[in-house]
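Read the numbers this way: they start at 1 and go in the same order the structure lists the ligands and their atoms. Keep in mind that this is a model prediction, so the values were computed, not measured.
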Amino acid sequence: MTELILALDVTEKEKALRIAEACAPHLDAIKLGYPLILSSGLSIAGELEELDKPLIADFKVADIPNTNRLIAEQVFDAGFSSIICHGFTGADAIKACVDVAADYGGSCFVVAEMSHPGATAFFHGGTAEKIAALAVECGADGIIAPATRPERVTILREIVGKRKILSPGVGAQGGDAATVAKLVDGIIVGRAIYEAKDPVTAITEFSAVRTA
Ligand code: 3DU
């Protein structure tokens, strides 16, 4: 089974809450990032709590270990169950997020390779592989890898083994849900759901991956 994670990048709070509630029966987790948090505040996490779905904080944390720790503590105090950090910052910075996640009984995912076209400039040439290995070494729960490049996901899977791979880039960015779902533990879908005329119909189509 592959999890279906909704990327709730909706900057209008009431609309975000409405979509989350309507889609909740068809999803496994909700990922919140800067667009919604900056427009609605961190307290939106508390308002989503009643849906009883894990909340993933996609802040792609990328600072020194102490600042990463302070950010991660805010995230878990707000009610999130997972945090996403960058990995190019190195082992100590990753570890800071992993350690806070463990303290709260949560999880930490490390961005190994991004999904947009420009990501190849820095993530290719061995960097994504190094980050994935570092994520494992630091005890992270998994990595983020691009649905837009299934062949890269396969390479990164070799490195992370049974650790989780969550994969954004399905739908609006061109990634194919069924193809990537076979390779990863969770697909992350945003615009293809929340920009659809009927988000519930849209998410129902993606939710086939949950039973495949
Ligand atoms: O393209 P979508 O609208 O389905 O949204 C994808 C989400 O995943 C969005 O929140 C984006 O910030 C996040 N993401 C990527 O798209 C690619 C990455 O490498 C990492 C995160």
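Both the backbone and the side chain of Ser115 come within contact range of ligand 1, each with a heavy atom under 4.0 Å.
Under a hydrophobic clustering in which Ile, Leu, Val, Met, Phe, Trp and Tyr are joined whenever their side-chain heavy atoms come within less than 4.5 Å, directly or via other members, Leu42 and Leu8 fall into the same cluster. No chain of hydrophobic side-chain contacts below 4.5 Å, direct or via other Ile, Leu, Val, Met, Phe, Trp or Tyr residues, connects Ile94 to Val75. When hydrophobic clusters are built by joining Ile, Leu, Val, Met, Phe, Trp and Tyr residues whose side-chain heavy atoms come closer than 4.5 Å, directly or via intermediates, Val184 is not grouped with Ile131. When hydrophobic clusters are built by joining Ile, Leu, Val, Met, Phe, Trp and Tyr residues whose side-chain heavy atoms come closer than 4.5 Å, directly or via intermediates, Ile84 is not grouped with Ile165.
With respect to atom 6 (C) of ligand 1, the closest heavy atom belonging to the protein is Gln173 NE2, 3.7 Å. When hydrogens are left out, the protein atom nearest atom 20 (C) of ligand 1 is Lys60 CE, 3.4 Å; that is the closest non-hydrogen contact. Ranking the protein heavy atoms by distance from atom 19 (O) of ligand 1 puts Met114 CA, 2.9 Å first. Of the protein's non-hydrogen atoms, the one nearest atom 4 (O) of ligand 1 is Gly190 N, 2.8 Å. The closest protein non-hydrogen atom to atom 18 (C) of ligand 1 is Pro168 CG, 3.5 Å. For atom 9 (C) of ligand 1, the closest non-hydrogen atom on the protein side is Asp9 OD2, 3.2 Å.
Between the CG atom in Leu134 and the CD1 atom in Ile143 there is a gap of 12.0 Å [rounded to 0.5 Å].
For a threshold of 3.5 Å applied to N or O pairs, the pair formed by Ala192 and ligand 1 contains no separation below that value.
The atoms of ligand 1 that sit less than 4.0 Å from any heavy atom of Arg191 are 1 (O), 2 (P), 3 (O), 4 (O). Every atom of ligand 1 is numbered from 1 in the order shown, and the set under 4.0 Å from a heavy atom of Ala7 is 7 (C), 10 (O).
A salt bridge does not link Lys162 to Asp185: none of the charged side-chain nitrogens sits closer than 4.0 Å to a carboxylate oxygen.
Partner Phe80 forms a side-chain contact (heavy atoms from CB on, under 4.5 Å) with one of Ile30, Leu32, Ile56 and no other, that one being Leu32.
Considering every non-hydrogen atom in both Phe76 and Ser82, the closest pair reads CE2-N, 3.8 Å. Here the closest heavy-atom approach between residue Pro146 and residue Met114 is recorded as CB-O, 3.5 Å.
Taking a 4.0 Å cut-off on heavy atoms, Val111 fails to register as neighbouring ligand 1. Heavy-atom separations between Val170 and ligand 1 include at least one value shorter than 4.0 Å. Residue contact check for ligand 1: Lys31 places a non-hydrogen atom closer than 4.0 Å to it. Using a 4.0 angstrom heavy-atom cutoff, His116 does not count as in contact with ligand 1.
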